[in-house]
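The next block holds one structure in the form of structure tokens; read it before the comments.
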Amino acid sequence: MTLTAQHLWLIPALPLLVAAVGAFSRHRGIALAAIFAMAGSFVLSCLALAGALQNPAAHAVFNFAWFDLGTGALRLGFLLDPLTALMCVMVTFVGTLIFTFSLGYMKEDKNFSRFFCFLSFFAAAMLGLLIANSLLLLFICWELVGLASYLLIGFWFHKPSAAAAAKKAFLTTRIGDLGLLLGLLWLSEAGGSLLFFDNGQGVLETATLAALSGQTLACCGLALSTAIGLLIFCGAVGKSGQFPLHVWLPDAMEGPTPVSALIHAATMVAAGVFLVARVYPLMSADAVLAAVPVHALTVVAFIGAITALMGALIACAQNDIKRVLAFSTVSQLGYMMLALGVGSWTAAIFHLLTHAFFKALLFLGAGSVIHAAHHEQDIRQLGGLRTRLKITFATFAVGMMALSGVPFLFSGFWSKEGILHAAHGWHVSHLPLYAALAAVVLTAFYMSRLVAETFFGKPRSHAADHAHENSAVMTVPLVVLAVCAVLLGFLGTPAYPWLQATLAGEAVHADFGHLLEGGGLMFLSIGLVGSGLGLGWRLYGKKLRQTAEAHDPLSTAAPSVMAALANRLGFDELYAATVGHLNDLLASLADKLDRYVIGGLVNFIGLVGLFSGSVNRQFDEDNLNGGFDAASDGIRGTGRVYSKTQTGEAHGYLRVIAVAFIVLVLVLSLSMGGAR
């Protein structure tokens, strides 16, 4: 049994239904309904994957008219291929585990049911984004994902920091989304459609791609496909926390920890990587053009490299357990973008999938620590949790080793190696490779620091001293994710690259001779991982922190550098001093323009109106009304005089006639005498 493209809408429909019910109900049963809905969507996603695997090279689509538009119709569609199906399986599986974990983590929250309503709404929007065969449908769901993330990040809106973080995330990602919207409109006008695949007429099919890459912009020499691709990439930069729009993601840790696991590890931030992978034919259409000044994927590669190194550096100086993982996420998303830029989108998706599992594991592990330690998040205040939270520690250690790239057992090693080898083979430049190798050392270092400070030594606060392991509803998802963080890597080893081949629609063959392919770079990477782990353990494991106030070894050795990293390299202050200051100036200018120019003009027009009204009133009262009143008085006077003659007495009338007759005779007599 399989699920066809025509019925893909059922996957997001289940959590959307729960979200709709939860919007009108505060019953705690919404939580169980949300979990079962996600589990049902997982089953449907597995059926969709089974259908996609029947012909991995095909793009099964179901397009339909949304509404009539002039002489044509605006069409949307659903797309089923291995990329869609694997992403849906990952989102629904990880989402089900996070929903389950949330039962324990959020059980005391007074807005328990509302939380699951928002989670379900987010999951529905994310799944809708994945199944879209139209860039317009993808954009609609993309914006719904942004709305859901705003609601979840600011879920504890009574905290000013959470409310501010929600606004910051929403506004920052909107900057990138503006570029995506412009690219969407341009692509619609230039390509004549927004459907990805449409019987040869879709924007990702050969005919349209050839037309787009064959046109050059006169202003800058870019291919039209490059310009549109870079605008679409702006949306990915915002949503996936890439430099320079990365500043929202660490602050988003103000939301509940399950939100961090769902949005900032497995799904939302991965949407940008998915978007670039989905439109990869468009992004790479200019690769055959030698004359263009810059290629779209070159920009993607360098942005990814900068982000990977920057995120790893900043993570080394953070003391909040969730912010360490947040900057780690920024760094790992940079790895994925780097892989896309150097031409290996399958390596990027492989790392996206492995990262979703081990980073969700790490965030939920951090949530388990926070919940057990009475919401203490500062690693300097923790310590000694290894014996108190045995399951949490064991599973967190698995996630730490997967993220660090410990060979050969952990999935992160294989997906990271795929990216490093792709970067090594990139003919444009080796700078992204060097940045990625530096990030390898830093990742191992900051994760060993995090584990040593959190779990080893003795408790350094009352909260840590009285911590105890959480219930099974929180620990079982950790165990399941830990198992996946190990097993998933074996789907993409060089000996059996099933995942990469399936994504590319190619046949796969096992060849263990390729297991150590590119051994020199692999052994270099292993050596760098060992160096990072060793350095981290030497500085933070051998000389364990005794008190929360004790100095950090690196801060003692390089105080100015660590202070800059702890301050996130000053990006927030830089934006406040530039973009923020410019915004304040523009706001002040707009205020003065409104008050003194537009307001003055309105007041002047009002005064002119008052003056004109006064003149009109005076003219009306003195001239029109006065003249009309005088004429009326004259008519009334004449009427009164005339009325006196109308007595109704016959004798009076006869006297008047007689007098009139005598006067008439006299007049005639005088006139006749004069004539003679």
Side-chain angles (χ1 to χ4, degrees), residues 23-24 66-71 74 136 139-140 143-144 146-147 150-151 154 157-158 160 163-164 166-175 177-182 184-186 188-189 575-664 666-668 670-671:
F24 298 97
W66 187 19
F67 60 82
D68 292 334
L69 189 65
T71 57
L74 186 60
L136 176 59
F139 182 75
I140 293 171
E143 293 304 308
L144 292 176
L147 172 60
Y150 169 79
L151 296 172
F157 57 86
H158 56 275
K167 289 186 289 186
K168 184 176 182 179
F170 191 81
L171 294 175
T172 304
T173 53
R174 294 291 77 68
I175 296 172
D177 292 354
L178 178 60
L180 174 57
L181 177 60
L182 293 175
L184 179 153
L185 295 173
W186 200 352
S188 176
E189 189 276 333
Y575 288 157
T578 54
V579 178
H581 188 58
L582 177 62
N583 182 70
D584 291 341
L585 289 176
L586 292 175
S588 177
L589 177 62
D591 178 64
K592 288 181 172 56
L593 181 67
D594 179 59
R595 288 176 183 271
Y596 302 115
V597 178
I598 299 176
L601 181 61
V602 170
N603 291 335
F604 175 74
I605 293 174
L607 291 174
V608 170
L610 289 174
F611 176 75
S612 175
S614 177
V615 171
N616 288 337
R617 185 187 65 182
Q618 193 69 28
F619 179 78
D620 179 63
E621 291 180 354
D622 295 347
N623 296 328
L624 295 180
N625 289 352
F628 184 78
D629 291 344
S632 297
D633 290 341
I635 294 172
R636 282 197 298 270
T638 303
R640 283 195 296 269
V641 172
Y642 179 71
S643 67
K644 291 179 180 179
T645 65
Q646 304 300 315
T647 62
E649 297 178 356
H651 297 291
Y653 294 156
L654 290 173
R655 284 195 295 268
V656 171
I657 294 172
V659 171
F661 179 76
I662 293 170
V663 171
L664 178 62
L666 291 174
V667 170
L668 290 175
L670 292 174
S671 61

dist Glu143:CD -> Leu181:CG (nearest 0.5 Å) comes out at 8.0 Å

Please report the interatomic distance OG1(Thr578) to CG(Asn583), rounded to the nearest 0.5 Å.
11.0 Å

Ala163 versus Phe157, closest heavy-atom pair with distance
CB-O, 4.0 Å

Can you tell me which residue among Val608, Leu601, Leu607, Val602 is in a side chain to side chain contact (heavy atoms under 4.5 Å, CB included) with Ile605?
Leu601

With a cut-off of 6.0 Å (strictly less than), are more than 12 heavy atoms of other residues, nucleotides or ligands near CZ of Phe67?
yes

Residue Phe139 excluded, over 12 heavy atoms near CZ under 6.0 Å:
yes

Which atom pair, heavy atoms only, marks the closest approach of Leu184 to Leu136?
CD1-CA, 4.1 Å

A side-chain contact here means heavy atoms from C-beta on lying under 4.5 Å apart; do Leu585 and His581 qualify?
yes

Pairwise distance CG(Leu182) to CG(Asp177) - rounded to 0.5 angstrom
11.0 Å

Please check: side-chain N/O of Asn603 versus main-chain N/O of Gly599, any donor-acceptor pairing under 3.5 Å?
yes

Taking Arg174 for the side chain and Phe170 for the main chain, is one N or O donor matched with an acceptor at less than 3.5 Å?
yes

Please answer whether the main-chain N or O of Leu610 pairs with a side-chain N or O of Ser614 as donor and acceptor at a distance below 3.5 Å.
no

Between Ile140 and Trp66, what is the shortest heavy-atom contact and its length?
CD1-CH2, 4.0 Å

